[in-house]
Amino acid sequence: MEYKFREIEEKWQKYWIENATYKVEADAKRPKFYVLDMFPYPSGAGLHVGHPLGYIASDIYSRYKRLKGFNVLHPMGYDSYGLPAEQYAIQTGQHPAVTTEKNINRYREQLDKIGFSYDWNREVRTCDPKYYKWTQWAFIQMFNHYYDTEKCKAMPIADLVARFEKEDPEWNKMNAKEREKRLMQYRIAYLADTKVNWCEQLGTVLANDEVSEGLSVRGGFPVEQRVMRQWCLRVSAYAERLLKGLDSLDWSEALKETQKNWIGRSEGAEMRFGVKGSDTELEIFTTRADTVFGVTFMVLAPESDYVAQVTTKEQRHDVDEYLAMVKKRTERERIADRRVTGVFTGAYAVNPLTGKEIPIYVSDYVLSGYGTGAIMAVPAHDSRDYAFAKHFGLEIVPLIEGADVSEESYDAKEGKVINSGFLNGMEVKEAIAEMKKYIKEKGIGQVKVNYRLRDAIFSRQRYWGEPFPIYYIDGVAYVMDEEKLPLLLPEIADFKPKAGQPPLANAENWTTEEGYPIELNTMPGFAGSSAYYLRYMDPHNDKALVSREANDYWRNVDLYIGGTEHATGHLIYSRFWNKFLYDLGVVCEEEPFKKLVNQGMIQGRSNFVYRIKGTNRYVSAGLKEKYDTQEIHVDVNIVSNDVLDIEKFKAWTPEYKDAEFELEDGKYICGWAVEKMSKSMFNVVNPDDIVERYGADTLRFYEMFLGPLEQSKPWDTNGIDGVHRFLKKLWNLYTDDNGFALTDDEPTAEQMKTLHKTIKKVEWDIENFSFNTTVAAFMICVNELGASKCHTKKILKPLAVILAPYAPHMAEELYHACGGEGTVCDAEFPQWEEKYLVESTKKYPISFNGKVKFQIEMPAEATREAIEAAALADERTVKILEGKQPKKIIVVPGKIVNVVI
RNA sequence: GCCCAGAUGGCGGAAUAGGUAGACGCGCUGGUCUCAAACACCAGUGGAUUCACUUCCAUGCCGGUUCGAUCCCGGCUCUGGGUACCA
């Protein structure tokens, strides 16, 4: 009977819907397991074959856990607010809601064909008012809380107000505006004038993780620094907890490392340097307190407030000129051009240890956003200070014995300290500690921990995002009443920003009932994606983000699968958001994602044809060296095993209609290269096409077979026939011309061994995310069963169950043919048994110098002594490793026989 | 520059505790079926050597530990990813 995958897959997909097979409910009697995919942004291009990779892996894991008796939550939704839909709206006038809806429907259609076990009843969309109500709600909570640095948790802002009233006489004299200004310094969601990444082309600010090398991640447009009044989230308050929390997580070391670097904790000291002839003191941060004796100048960031305070009249003109120059440069220019620039302020600071007067400079190599925006420069032991000192001819004092600083600085934190008064003779580490103690005693500074992690800028000058539940009276921000949520995104006629105002300025009556203006910015993409995993637990609740009961049961995500590109964005914001809700007592777990697996990217595999320049003649890849050719991308869908389908090529576009070819062995061989999968490279492979040609089960298997889940790899449709052939083989083994051909025979010992070997392997592979090797195991299994002409249900039924995570449609069909009840999804994963795996006789190969010389056959129950004796009979000495069962004997000439497992 | 990951046949990749390197698949070669092709099935397939048995060489390079190293250690080369004046 032919393997009609289309009929089979359609039949079971229908069955699953009709029987609500994948509907999940909390069930206190069963252990829960939460498997989550990073939900997609529904783009207009639809899914390509790379997108489902992680979804298939998580689906296999979910189905496996369900077979193992867990109550598995496995939901899917859409991250449906975002820039591309809005850019598209500006170009075409189509409302983002319309295009987003259309894209979502397309995604759903594609996903449905692959046979995922999602509970669609729990779907969430970030642009749905019922969903974003809770995004706005969380923002209100952040506005109404501050971070208590003593309790190390978020506390109600009312507590802080009460404390000010009691303890601070100043507070009671303040008016509303002044009080609000002060509270803004504490609120977790706060307004501030901050230096932001402004992208002119996108007309909005971007978060640090949305910018790469001075260009926007989305679109690749230049980004400049600008000071703007923005909503921010005090993520930095959670820096220490975000760092510490990593220890408890089952994430890859690489990802944890990335987050650690992003948080960037560094221990050091904050010190004050007096300025000559002024009351101003410059506060600086350093991790090298030991080097104070070598400080020969100071540098201020151009944006630092100190600049105006210390600059002398004589130098004002030069400084202003420099500041103007710095301001004009874009971030990208600054990165590209690393030349040393700077200007002298005319002022001198006093080195508190040497008493020497040292000049104060301004330079853009000092960042305003880190530490205090001012540094003490130690040219001998910091390469940046060194370059600056060389450029301006400043003094360089070596502080470490044997360090040659005539050509470059010595940055390493090791060696014996010299030229440093009371620190002389100490090791660097010792000297740092000693100096910190000294600074504290003398009252010129204190020990301080700094973090690289910045607060998240939370305003976007866009339309297609969550509106802020904020209105203004006399320029003071107030949050709306929670009862009024959701604050619906208004309809507007024109999506373009106007006269520097965000698009919401185009909305009519964008005011409260009382007529107060509402915030014009909207929230960024990460707002909606920061707590979506909580909403899946209780998606229809309109009284709470998630009910206490639902959260107590589902707790947090046990397995999270997604791309590594979210390492410093989503995965930081989500953890922050969750910790905040944890402080409020809304959720019971402090970390949202217990285990995280990063699936690799699927790259495209492009094909080329070679056109002889100036002609319409194409030569096969092997012959291209003979001519002056031009490489042209050709649609991978008209190429098979790198052989071009010439007829399809001619029909592809009119320009190739009359093409001529020079062939190799009667074939046109294409060249190939690994590139990003994109339309312009003609290398996009669509999952629908694969499903149409081979079926979903083949696609699922093949995506796993491609290679290790975490590794990036190119998509190459070439190998898919082998996987499809395997499914056909399995099918043919248990069917004949009349349909299923099954018996109730008792399986042979060999067949039981094959089955149990495979069960053990499948279990091990899934537990260890080694999905690619499982495919091989199934292939071997089917080959072995085929060799013994196995037709018994007693083998096929358990085989169908272990196959179900990978090829659910085929598994259902086989399971039911064996008389299985209900759905294979509710079957029990069979337990493998050691007794079937033991062979009646074992061969112990004996190696001579690592090569098999001869073998002795031993019974399975052979004892160590027997093997020893057998080996000894060969007149060699025997030594058996402790506590191991023998498997192999390796003989080394004249010496030892090792018996190893 | 710094941090991380990786390097195995013509290709994707196996080797799950240091123990017969190259599972499984693709491709290729030969065969069966066919008028023929496609499909399917069977066999072979790291390199060198030999008619053959065999032997030697092989997991990026150099060295070390070990009876034994793709695996552990030290040094290098290259590739991919992250990050970048973070004081």
Side-chain angles (χ1 to χ4, degrees), chain A residues 212-213 252-262 264-266 268 284-288 291 299 301 334-335 338 340 363-367 369-378 381-385 387-388 411 450-454 564-565 567-568 598 600-601 603 605 641-642 672 674 701-702 705-708 710-723 725-726 728-729 732 760-761 764-765 767-768 770 772-780 783 843 845-847 849-853 855 879 881 884 887-901:
Chain A
S212 174
E213 296 185 0
S252 73
E253 282 309 311
L255 184 58
K256 285 191 194 178
E257 201 60 35
T258 305
Q259 289 220 337
K260 275 182 199 163
N261 290 341
W262 191 259
R265 183 183 200 275
S266 69
I284 59 95
F285 174 77
T286 180
T287 54
R288 293 294 300 273
T291 59
V299 188
R334 206 178 66 84
I335 289 166
R338 282 279 175 86
V340 176
S363 174
D364 67 354
Y365 84 88
V366 175
L367 306 178
Y370 184 78
T372 60
I375 60 152
M376 61 176 214
V378 187
H381 302 290
D382 181 290
S383 51
R384 296 154 300 177
D385 297 343
F388 194 86
D411 291 16
N450 247 319
Y451 299 91
R452 205 186 77 113
L453 183 71
R454 313 287 168 81
T564 177
E565 67 273 18
T568 54
N598 287 125
M601 283 251 282
Q603 297 138 310
R605 186 181 187 278
N641 283 330
D642 292 334
W672 62 274
V674 173
F701 257 119
Y702 189 59
F705 189 56
L706 229 39
E710 306 201 29
Q711 191 176 301
S712 287
K713 57 238 162 188
W715 176 269
D716 182 355
T717 309
N718 284 346
I720 200 168
D721 289 308
V723 170
R725 204 170 292 144
F726 146 71
K728 274 200 287 197
K729 246 187 213 172
N732 291 336
K760 185 180 178 183
K761 171 74 176 156
W764 193 94
D765 278 353
E767 296 278 3
N768 292 281
S770 177
N772 55 329
T773 54
T774 323
V775 186
F778 275 122
M779 288 176 177
I780 294 167
N783 278 339
K843 284 183 178 177
I846 295 195
S847 302
N849 252 356
K851 296 291 160 190
V852 174
K853 188 78 176 172
Q855 299 181 327
K879 180 184 160 196
L881 300 180
K884 305 217 165 168
K887 180 178 163 195
K888 197 159 21 197
I889 301 176
I890 298 164
V891 179
V892 177
K895 268 186 164 176
I896 305 172
V897 175
N898 275 343
V899 179
V900 186
I901 203 162

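Protein chains get the first letters and strands the later ones, always in sequence-line order, with residue 1 at the start of each.
Nucleotides B:U50 and B:U32, compared at atom C1', are 31 Å apart to the nearest Å. Rounded to whole Å, the P atom of B:G6 lies 36 Å from the corresponding atom of B:U55. Here, B:G12 and B:C62 have their P atoms 23 Å apart, quoted to the whole Å. Comparing the P positions of B:U70 and B:G63 gives an interatomic distance of 15 Å, to the nearest angstrom. Taking atom C1' on both nucleotides, B:C53 is separated from B:G60 by 35 Å, rounded to a whole Å. Rounded to the nearest Å, the gap between the C1' atom of B:U77 and that of B:A87 is 33 Å.
In this structure B:G60 sits in the anti conformation; its chi angle is more than 90° from 0.
A perpendicular orientation is assigned to the rings of A:F701 and A:F726, their planes being inclined by more than 60° (bins at 30° and 60°).
Comparing B:U83, B:C26, B:G25 by their nearest atom to the side chain of A:N718 picks out B:C26. The A:M779 side chain lies nearest to B:C24 when the options are B:A87, B:U83, B:C24. Comparing B:U83, B:A87, B:C4 against the side chain of A:A254 picks out B:C4 as the nearest. Comparing B:C85, B:C24, B:U83 by their closest approach to the side chain of A:F705 singles out B:C24. With distances taken from any side-chain atom of A:T568 to the nucleotides B:C85, B:U83, B:C24, the minimum falls on B:U83. Side chain of A:N772, nearest nucleotide from B:G13, B:A23, B:G25: B:G13. When distances run from any side-chain atom of A:R452 to the nucleotides B:C24, B:A87, B:U83, the shortest one goes to B:U83.
Under the 4.5 Å side-chain criterion, counting only non-hydrogen atoms from C-beta, A:L706 is not in contact with A:Q711. Looking only at side-chain heavy atoms (C-beta outward), A:M779 and A:V723 come within less than 4.5 Å of each other. Counting only heavy atoms from C-beta outward, the side chains of A:I375 and A:Y370 never approach each other to under 4.5 Å.
Side-chain nitrogen and oxygen atoms of A:S266 include at least one within less than 4.0 Å of the OP1 or OP2 phosphate oxygen of B:A87. Put simply, A:Q711 has a side-chain N or O that comes within less than 4.0 Å of OP1 or OP2 on B:G13. Using a 4.0 Å cut-off, some side-chain N or O of A:Y370 falls inside it from OP1 or OP2 of B:A87.
Here the C1' atom of nucleotide B:G10 and the CG atom of A:D716 are 13 Å apart, to the nearest Å. Atom-to-atom, CG of A:N732 to P of B:C39 comes out at 16 Å; the value is rounded to the nearest Å. Between the CD1 atom of A:I780 and the P atom of B:A23 there is a distance of 10 Å, given to the nearest Å. A straight line from CD1 of A:I720 to P of B:C11 spans 22 Å, rounded to a whole angstrom. One atom, CD of A:E257, and another, C1' of B:G81, lie 14 Å apart when rounded to the nearest Å. Here the P atom of nucleotide B:A84 and the CG atom of A:D364 are 16 Å apart, to the nearest Å. The nearest whole Å value for the distance from the CG atom in A:L255 to the C1' atom in B:C3 is 14 Å. Following rounding to the nearest Å, A:D765 (CG) and B:A14 (C1') show an atom-to-atom distance of 11 Å.
At a threshold of 4.0 angstrom between heavy atoms, the contacts of A:R265 with the nucleic acid are absent. Heavy atoms of A:V299 sit nowhere under 4.0 angstrom from any nucleic acid atom. Within the 4.0 angstrom heavy-atom criterion, only backbone atoms of the sugar-phosphate kind lie near A:P708; the bases stay farther away. If you check every strand for non-hydrogen atoms under 4.0 Å, A:I375 touches a base.
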Are there any protein N/O atoms within less than 3.5 Å of an N/O atom in nucleotides 40-43 of chain B, and if so, which ones and at what distance?
{"unit_1": "B:A40", "atom_1": "OP1", "unit_2": "A:R725", "atom_2": "NE", "d": "3.1"}

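Residue whose closest nucleotide on RNA chain B sits further toward the 5' end, between A:S770 and A:T258: A:S770. Residues A:R454 and A:E253 each lie close to RNA chain B; by heavy-atom proximity, the contact nearer the 5' end of the strand is made by A:E253.
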_Pair assignment for RNA chain B - dot-bracket with | for other-strand partners, Watson-Crick or G-U under 3.5 Å_ = (((((((..(((......[....)))((((((.......))))))(((......)))..(((((..]....))))))))))))....
*Carefully, step by step, assess A:R288 and A:D411 under the rule salt bridge (Lys or Arg N to Asp or Glu O under 4.0 Å).*
CA-CA 10 Å; A:R288 293 294 300 273; A:D411 291 16; over 6 Å; no
